[in-house]
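Residue numbers start from 1 in every chain, and the chains themselves are labelled A, B, ... in the order their sequence lines are given, proteins ahead of strands. In this text the structure is predicted, and so the values were computed from the model without any measurement.
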2 protein chains.
Amino acid sequence: MKTNKLCIMRLSKYKSALYRLKSLGFVRIFSDNLADAVEVTSSQVRKDFSIFDISGNKRGGYKIDELIEKINTILGKDELQKVVIIGVGKLGSALMHYTGFEKEGIKIVAAFDIDALKFKHKDKTPVLPLAELPEFVRKNNIKIGIITVPATAAQQVVEIMLPAGIKGVLNFAPIQLRGNDDCQINNVNLEVELENLIYFVNVLIKTKGK
Amino acid sequence: MKTNKLCIMRLSKYKSALYRLKSLGFVRIFSDNLADAVEVTSSQVRKDFSIFDISGNKRGGYKIDELIEKINTILGKDELQKVVIIGVGKLGSALMHYTGFEKEGIKIVAAFDIDALKFKHKDKTPVLPLAELPEFVRKNNIKIGIITVPATAAQQVVEIMLPAGIKGVLNFAPIQLRGNDDCQINNVNLEVELENLIYFVNVLIKTKGK
DNA sequence: TTACTTTTGTGATATTATTCACAATATATA
DNA sequence: TATATATTGTGAATAATATCACAAAAGTAA
Ligand SMILES: NC(=O)c1ccc[n+]([C@@H]2O[C@H](COP(=O)([O-])OP(=O)(O)OC[C@H]3O[C@@H](n4cnc5c(N)ncnc54)[C@H](O)[C@@H]3O)[C@@H](O)[C@H]2O)c1
Ligand SMILES: NC(=O)c1ccc[n+]([C@@H]2O[C@H](COP(=O)([O-])OP(=O)(O)OC[C@H]3O[C@@H](n4cnc5c(N)ncnc54)[C@H](O)[C@@H]3O)[C@@H](O)[C@H]2O)c1
């Protein structure tokens, strides 16, 4: 089964579009509609589905509920995903208090910091000393961590997370982190995102003549 | 000149690596070193440079300062980029008070909201009523906006930004926004990023046998 | 039932991105 | 100076990804 990152990202987007379409009263959907919603071609949608043996009905399209179910299974969303955050600063606390992840079955169960002023042992989502991370992660069988510490601290945080058993990291520090074969590290680099946008806006302005 | 999004993103990453290498005392650099820093192949690095007619010295590599300069020119970073934020909630204010963008020549000059409690007319980076956005954007010749409003409000915010002259949008609301030919909309969808990570972690765990 | 229409599912094809591989050449060395 | 060596720059080859295009199936209508 050939899969790639972009294809998996599209599956997420299809799902999100499906929830929206469902809430609008749709029960069945065609590859065309989904394509419009996610801004890809309809053959892209069908090809993606075909990779995962998702099939619909010729002429009848796809049943939204079944489709959501199937995509969730593929994405591994059968059970609640527990996630920890390391670094409870501006960005870390925004993410920590964001409720939008829960509807996707993602729950932030704890956060960690080295600044004693941030500790909140008794909160619903506690903020704990970084030193307690390994034990917490092992006890609660956590696989995923979000890094929102300064760039200078990020690699050293990874070195603590790996032996603790973390298998996936979403890193917001603007630095390329090194994992190992047992751990997938994805980076969200907002500086890079903004620079990219600026480049294409400049191209746009130039080609359109202001 | 053929360019694509990934290539531009790599340029940003090269630049960021170059700053780091420079601060470590390096003056010249080889495609190999950059490749390591950004985790791509050295031929990828050279190919990217070749697309933009960036050339080094056979056997002598590239001079870091010149390289940074050239990349900045390509990325359109000759002058300070002024950016506005719409939606001063948890995420919006984290971004607004983040100082890391300034070292990249990106300055958040104002933010907008509809909640009167958020307004800060006198702050260094003011928070203004959304209604004032068109005038502010025109007067200050702003081209880039960051959207951090709830998904339900995001499209309507775009409709206000487009006629005001915004040419590039970085959208954090988990919804596919529609722009037009005059405006580039890039999405940062953290739900999708997390789901993607979860997928690949599951694959990893399965293939490695726990 | 039959004819007609719509939409899927997927090989074949086209496009795009990456890597290979090596001639050209700048630098270092003796 | 000549020789050896490392590194670039880039076409050609390969790999990855997306689109095309159409037969097959399923629904609709008469
Ligand atoms: N704030 C933003 O909007 C934004 C935007 C883009 C990127 N980032 C990146 O995200 C990261 C966090 O940014 P921020 O603005 O929230 O920073 P911040 O300074 O507000 O917060 C950083 C937090 O990390 C904690 N910390 C420091 N070292 C630690 C360690 N070794 N272990 C655990 N915790 C540690 C600090 O105590 C602090 O609470 C940075 O790498 C930044 O570059 C932030
Ligand atoms: N907080 C996070 O960590 C996080 C993570 C992922 C995605 N997001 C997305 O980012 C967006 C913002 O999230 P948040 O947690 O900061 O939300 P929030 O509720 O804390 O803030 C939203 C802000 O937008 C303002 N607003 C609402 N409608 C507006 C309008 N029409 N014009 C201008 N301002 C308006 C509100 O007054 C509020 O200040 C949401 O779309 C959310 O889904 C947030």
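- Rounded to whole angstrom, the span from the CD1 atom of B:I54 across to the P atom of D:dT7 amounts to 19 Å.
- When atom types are taken as modelled, the side chain of B:K82 and the backbone of B:V109 share no donor-acceptor pair closer than 3.5 angstrom.
- The existence of a salt bridge linking A:K13 and A:E39 is excluded, since no basic side-chain nitrogen approaches an acidic carboxylate oxygen closer than 4.0 Å.
- With hydrogens and angles ignored, the 3.5 Å screen pairs no side-chain donor or acceptor of A:S42 with any backbone N or O of A:S31.
- Below the 3.5 angstrom threshold, one finds no donor paired with an acceptor across the side chain of A:R59 and the base of D:dT28.
- At the phosphate of D:dA26, neither OP1 nor OP2 sits under 4.0 Å from any side-chain N or O atom of A:Y62.
- Sorted by residue number, the members of residues 38-47 of chain B with any non-hydrogen atom under 4.0 Å from DNA chain C read B:T41, B:S43, B:Q44, B:R46, B:K47.
- Residue A:I51 contributes atom CD1, which lies 13 Å from atom P of C:dG9 at whole-angstrom precision.
- Rounded to whole Å, atom C1' of D:dT8 lies 13 Å from atom CG of B:L34.
- No side-chain N or O of A:E104 forms a donor-acceptor pair with one of A:Y19 less than 3.5 Å apart.
- For C:dT25, the OP1/OP2 oxygens have no side-chain nitrogen or oxygen of B:N57 closer than 4.0 Å.
- Checked by atom type and distance alone, the side chain of B:N140 never pairs as donor or acceptor with a backbone atom of B:I142 at under 3.5 Å.
- If you measure from atom NZ of B:K5 to atom P of C:dT18, you get 14 Å, rounded to the nearest angstrom.
- Remark: C1' of C:dT7 and CZ of A:R28 are 12 Å apart, rounded to the nearest angstrom.
- Contacts of A:G56 with the nucleic acid, taken as non-hydrogen atoms under 4.0 Å apart, involve only primed sugar atoms and P, OP1 or OP2.
- Phosphate proximity of D:dA18 to A:R10: present, with a side-chain N or O under 4.0 Å from OP1 or OP2.
- Under the 3.5 Å distance criterion, the side-chain polar atoms of B:R138 are left unmatched by any main-chain donor or acceptor of B:G165.
- At a cut-off of 3.5 angstrom, the base of D:dT7 holds no donor-acceptor pair with the side chain of B:K58.
- Within the 4.0 Å cut-off from OP1 or OP2 of C:dG9, not a single side-chain nitrogen or oxygen of A:S50 is found.
- Nearest to the side-chain atoms of A:N4 among the listed nucleotides D:dT17, C:dT18, D:dT8 stands D:dT17.
- Side chains of A:Q184 and B:Y199: no donor on one and acceptor on the other come within 3.5 Å.
- For the pair B:D32 CG and C:dT19 P, the computed distance is 13 Å after rounding to whole Å.
- Going from atom CG of A:L67 over to atom C1' of C:dT8 covers 13 Å, rounded to whole Å.
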